[in-house]
Amino acid sequence: MKRQYLALLLAVLLASAGICNQLWYHSVSEEMTASLDRVLEYVRQGDLEKADAAMSELQDLRDRLKTMLDITSNHSEIDQLNESLIRTRVYLEERDMVEFTVEAARLAKLITHIYDQERVSIGNIL
């Protein structure tokens, strides 16, 4: 009987950890998406100085989250996100709006994909 309780306790702890992880990834995804949306809105308005500042804020956010993302995420996914973030910033600094737009769309997809990949689901558990 004691083993059954321990097994149940372990299952509850694992489920709780999975749910907490999912909530954290969701908040990270939302925060990064909102930050990227600010950059895109400033670009649409033609205020590239504010877009540069917002892009710096997005980079700062990524830097603050770096350790946790590196620990808990697929490294190749995080590397792709980092590369896309750098390319997006470079295209913005160079004022290459065509490439910036394409790379910003890719970055938005990668941000969403990280959350989707870590979501608690049967496919991710098995």
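FYI, side chains are in, hydrogens and waters are out, and symmetry mates aren't considered; it's all heavy atoms of this structure.
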Atom pair [atom1]/[atom2] of [X] and [Y] - distance to nearest 0.5 Å:
X    : Y   : atom1 : atom2 : answer
E94  : E99 : CD    : CD    : 10.0 Å
L110 : E83 : CG    : CD    : 9.5 Å
L65  : Y25 : CG    : OH    : 10.5 Å
Y42  : K50 : OH    : NZ    : 5.5 Å
S84  : L36 : OG    : CG    : 8.5 Å

Those residues that, when tested against R3, pass salt bridge (Lys or Arg N to Asp or Glu O under 4.0 Å) (two or more places apart): none
Residues in salt bridge (Lys or Arg N to Asp or Glu O under 4.0 Å) contact with K66, at least two apart in sequence or another chain: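 By the salt bridge (Lys or Arg N to Asp or Glu O under 4.0 Å) rule, K66 matches D70.
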Residue list, side chain to side chain contact (heavy atoms under 4.5 Å, CB included) with S29, at least two apart or on another chain: T33, I111, Y115
Partner residues of E30 under the side chain to side chain contact (heavy atoms under 4.5 Å, CB included) criterion, sequence neighbours left out: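 Here the qualifying residues are H26.
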Non-hydrogen side-chain atoms of R62 and I78 separated by less than 4.5 Å: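 Result yes, sub-4.5 Å side-chain heavy-atom pair found.
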For [X] versus [Y], what's the shortest heavy-atom pair and its separation?
X   : Y    : result
L40 : A104 : CD2-CB, 3.8 Å
L58 : M32  : CD1-O, 3.8 Å
A51 : V43  : CB-CG2, 3.8 Å
S35 : A54  : OG-O, 4.0 Å

Pairs touching residues 51-61 that satisfy side-chain hydrogen bond (donor to acceptor under 3.5 Å, both in side chains), sequence neighbours left out: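 Checked against side-chain hydrogen bond (donor to acceptor under 3.5 Å, both in side chains) - neighbours excluded - the pairs reaching residues 51-61 are D52-R95, S56-R89, Q59-D63.
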Hydrophobic cluster membership, L85 vs M68, 4.5 Å side-chain cutoff: yes
Side-chain ion pair, R106 and E103, N-O less than 4.0 Å: yes
Whichever hydrophobic residues join V90 through chains of side-chain contacts under 4.5 Å: I86
Criterion side chain to side chain contact (heavy atoms under 4.5 Å, CB included) on F100 and V39, from CA distance to verdict: CA-CA 11 Å; F100 166 79; V39 173; 3.8 Å; yes
Within 6.0 Å of CD in E49, more than 12 heavy atoms from elsewhere: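 Result for CD/E49: open.
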